[in-house]
Amino acid sequence: MNNLSKNYINGQWVDWNGDTIDVHEAGTGEVIAKVPASDREAMEQAIAAADAAFESWSESTLDQRIKVLEQLHAGLKERAGEIAETVCREVGMPIKLATGIQAGLPATVTKTYLKMLPDFPFTEQCGNSEVQYAPVGVVGCITPWNYPLHQVILKIVPAIAAGCTVVLKPAEIAPQSAYILAEILDGTDLPKGVFNLVCGEGQTVGDTLIKHPAVRMVSFTGSTRTGNLIAHAAADDFKRIALEMGGKSASVILPDADLAAAVKGTINNCLLNSGQTCTALTRMLVPADKHDEACELAAAAVAKMTPGNPLEETTRLGPLASAQQRDKVIDYIKLGIEEGHTLVAGGPEAPEGCDKGYFVKATVFGNVKPGSRLEQEEIFGPVLCVVPYQDEADAIRIANGTQYGLSGAVWSADAEKAKKVASKFRTGQVFVNGGDFNPMAPFGGFGHSGIGREFGKWGLEEFLEVRSLQL
Ligand code: ADP
């Protein structure tokens, strides 16, 4: 990557000579890159470029859009190794997982849109009307650091496929894969101005992006706090918003479930990316009479998850992405102890042998009380709460008892029963007996977890306005 000191505006790499932001390696704490802390003017230039490119791109043919996405897909495949290592260093996800998820998923998602586009109904008949689905306009994309390229792809691919133009502001903690993406797009037939990248702080360039009148939609993934600011800003000129925010997802283990398999499935999900996953199953709800056994199984499972160098092929649990995130998670572990929950495994001390980097011990709390801060707030680290419940109604009430509604899981020996319980979740998705992740299925949240859906046709529809011609 030669362009880390620049922004990508109107098809050009534009020098930035002002302040920079340090990018740290999660496993060592060392500075590995510097990227622009751009100013509002740079962002305004990018928005102007996207605005100027919109008319022409909105009228581009499907073949043109498909060709660009095919070129993007080929580039993502070609640079997959570099993407995996970059994100592994920045975020701390172990390299084996980063190869499959951080580098693999962006290519998979691009492919799903390539498959869908030729048959997507951009017009349909309704009696004497032709209903047309038109691109919404210039889209501001603001993304977080935990799955940095995946979340960018999930926005810009359907936006470009819809005929929108885009300004991307990636997360400042893990921005490098967005530069790889811009380099790939620079080598495609995408006309200048359709995709623009400006790197910088949320409070400056992000703020300009969410308030600019030429931006007709903001697609955001990140904290509920920032999502709230974006919703307020969007209200002022009726911008469309798509928000994907926090979660505190429940894994409900019913009395007849295979307890060992359910605990293992829950822990693997909870600790993925060191818990830095918005859909992480961070609350494990177990029948009260199985609580102690579930805690023993959980403790045994996390004992195998000793944190290590994320660049090693055998590492299963890496560090957190930043010093700030590590400190926040440690504070939550201390809070859990203060609130009086039972510390079953882990704790606030740094793991042995990890004096450098942002490591935290995988931690399990038992007897966690519904309504406590530990049970209610998103921690975004490797911390599992085991919550005992009395009966099925109690389990559903606890599962739905937070402000969030992103994901969940149900485990039972009876598949129909599990489905019935899953259908009571006030969440955007539920994994039934460890069902596979589906990149064509809609993804998003109820309540404070979000507005709108990503992935598949639902992700494309977010970027389309509806026009009906009465004929
Ligand atoms: P996290 O706590 O996970 O870092 P944030 O919501 O702070 O989540 O960050 C997600 C993205 O939102 C980042 O790209 C960040 O720069 C951006 N962001 C943060 N604050 C603002 C803001 N006031 N306006 C616009 N974007 C912001």
Side-chain angles (χ1 to χ4, degrees), residues 24-29 88-98 145-146 173 247-249 251 263-278 280-284 286 291-292 294-369 372-387:
H24 297 261
E25 177 154 346
T28 63
C88 166
R89 287 185 190 274
E90 282 176 340
V91 178
M93 180 183 267
I95 188 72
K96 208 167 159 192
L97 287 166
W145 44 261
N146 55 337
I173 289 177
K248 190 79 184 178
S249 299
S251 175
V263 170
K264 191 171 166 217
T266 305
I267 296 261
N268 284 342
N269 178 295
C270 175
L271 298 186
L272 179 68
N273 206 18
S274 296
Q276 302 171 118
T277 304
C278 48
L281 299 171
T282 49
R283 296 183 297 147
M284 187 165 80
V286 296
H291 171 270
D292 293 355
C295 284
E296 274 168 35
L297 288 164
V302 299
K304 291 188 201 141
M305 294 275 203
T306 45
N309 179 353
L311 287 162
E312 300 275 345
E313 279 289 327
T314 50
T315 298
R316 291 175 67 200
L317 185 70
L320 300 186
S322 67
Q324 190 193 9
Q325 191 57 26
R326 174 200 55 200
D327 295 347
K328 182 182 152 200
V329 173
I330 290 173
D331 283 349
Y332 268 112
I333 297 173
K334 289 180 181 163
L335 173 80
I337 295 167
E338 275 162 31
E339 281 189 333
H341 314 291
T342 313
L343 184 65
V344 173
E349 316 80 27
E352 298 80 41
C354 297
D355 42 348
K356 285 194 295 178
Y358 311 130
F359 290 92
V360 176
K361 281 184 183 169
T363 297
V364 178
F365 281 100
N367 277 314
V368 173
K369 293 160 208 63
S372 62
R373 282 190 60 201
L374 196 76
E375 195 263 345
Q376 290 284 310
E377 297 179 15
E378 185 178 52
I379 299 172
F380 229 58
V383 182
L384 178 74
C385 296
V386 185
V387 187

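Quantities reported herein were computed from a predicted structural model and do not represent experimental measurements.
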A side-chain contact here means heavy atoms from C-beta on lying under 4.5 Å apart; do [X] and [Y] qualify?
{"X": "L311", "Y": "C88", "result": "yes"}
{"X": "I267", "Y": "L384", "result": "yes"}
{"X": "K248", "Y": "I379", "result": "yes"}
{"X": "V302", "Y": "L271", "result": "yes"}
{"X": "P319", "Y": "P307", "result": "no"}
{"X": "Q276", "Y": "V91", "result": "yes"}
{"X": "M93", "Y": "L272", "result": "yes"}
{"X": "V383", "Y": "V360", "result": "no"}

Say you draw a straight line from [atom1] of [X] to [atom2] of [Y]; how long is it, rounded to the nearest 0.5 Å?
{"X": "R316", "Y": "T306", "atom1": "CZ", "atom2": "OG1", "value": "9.0 Å"}
{"X": "E313", "Y": "K96", "atom1": "CD", "atom2": "NZ", "value": "6.5 Å"}
{"X": "K328", "Y": "S322", "atom1": "NZ", "atom2": "OG", "value": "9.5 Å"}
{"X": "L297", "Y": "D292", "atom1": "CG", "atom2": "CG", "value": "11.0 Å"}
{"X": "M284", "Y": "S249", "atom1": "CE", "atom2": "OG", "value": "14.5 Å"}
{"X": "C278", "Y": "N273", "atom1": "SG", "atom2": "CG", "value": "10.0 Å"}

Pair L320, V329 - check side-chain contact (heavy atoms from CB on, under 4.5 Å), show working.
CA-CA 9 Å; L320 300 186; V329 173; 3.5 Å; yes
Does [X] use its side chain to pair, donor to acceptor, with the backbone of [Y] at less than 3.5 Å?
{"X": "T363", "Y": "G347", "value": "yes"}
{"X": "E377", "Y": "L374", "value": "no"}
{"X": "T315", "Y": "N309", "value": "yes"}
{"X": "H291", "Y": "N367", "value": "yes"}

Non-hydrogen atoms of [X] and [Y] that approach each other most closely:
{"X": "P310", "Y": "G27", "result": "CD-CA, 4.4 Å"}
{"X": "G318", "Y": "S274", "result": "O-OG, 2.7 Å"}
{"X": "G275", "Y": "A280", "result": "O-CB, 4.4 Å"}
{"X": "E378", "Y": "G247", "result": "OE2-N, 2.9 Å"}

Before you tell me yes or no, could you show the steps for R373 and L335 under side-chain contact (heavy atoms from CB on, under 4.5 Å), namely the whole-Å CA-CA distance, both residues' side-chain angles and the distance that decides it to 0.1 Å?
CA-CA 8 Å; R373 282 190 60 201; L335 173 80; 3.7 Å; yes
Is there a side-chain contact (heavy atoms from CB on, under 4.5 Å) between F365 and E339 once you walk through the steps?
CA-CA 11 Å; F365 281 100; E339 281 189 333; over 6 Å; no
Taking only residues two or more places apart in sequence or in another chain, which ones pass salt bridge (charged side-chain N to carboxylate O under 4.0 Å, His left out) with R283?
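Only E375 meet the salt bridge (charged side-chain N to carboxylate O under 4.0 Å, His left out) criterion with R283.
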Just to verify, what does F380 make a ring pair (Phe, Tyr, Trp, His ring centres under 6.0 Å) with, not counting sequence neighbours?
W145
Salt bridge present between E25 and R89 (N-O < 4.0 angstrom):
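Yes, E25 and R89 are salt-bridged.
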E352 and K361 ion-paired at < 4.0 Å:
yes
Inspect the surroundings of NZ in K264 and state if more than 12 heavy atoms from other residues, nucleotides or ligands are less than 6.0 Å away.
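12 or below, so no.
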Should we count NZ of K369 as having more than 12 external heavy atoms under 6.0 Å?
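Above 12, so yes.
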Show the numbers, then the answer: is there a side-chain contact (heavy atoms from CB on, under 4.5 Å) between M305 and N268?
CA-CA 10 Å; M305 294 275 203; N268 284 342; 3.6 Å; yes
Partners passing side chain to side chain contact (heavy atoms under 4.5 Å, CB included) against H24 (at least two apart in sequence or in another chain):
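Once residues adjacent in sequence are excluded, the partners of H24 under the side chain to side chain contact (heavy atoms under 4.5 Å, CB included) criterion are D22, V31, Y358.
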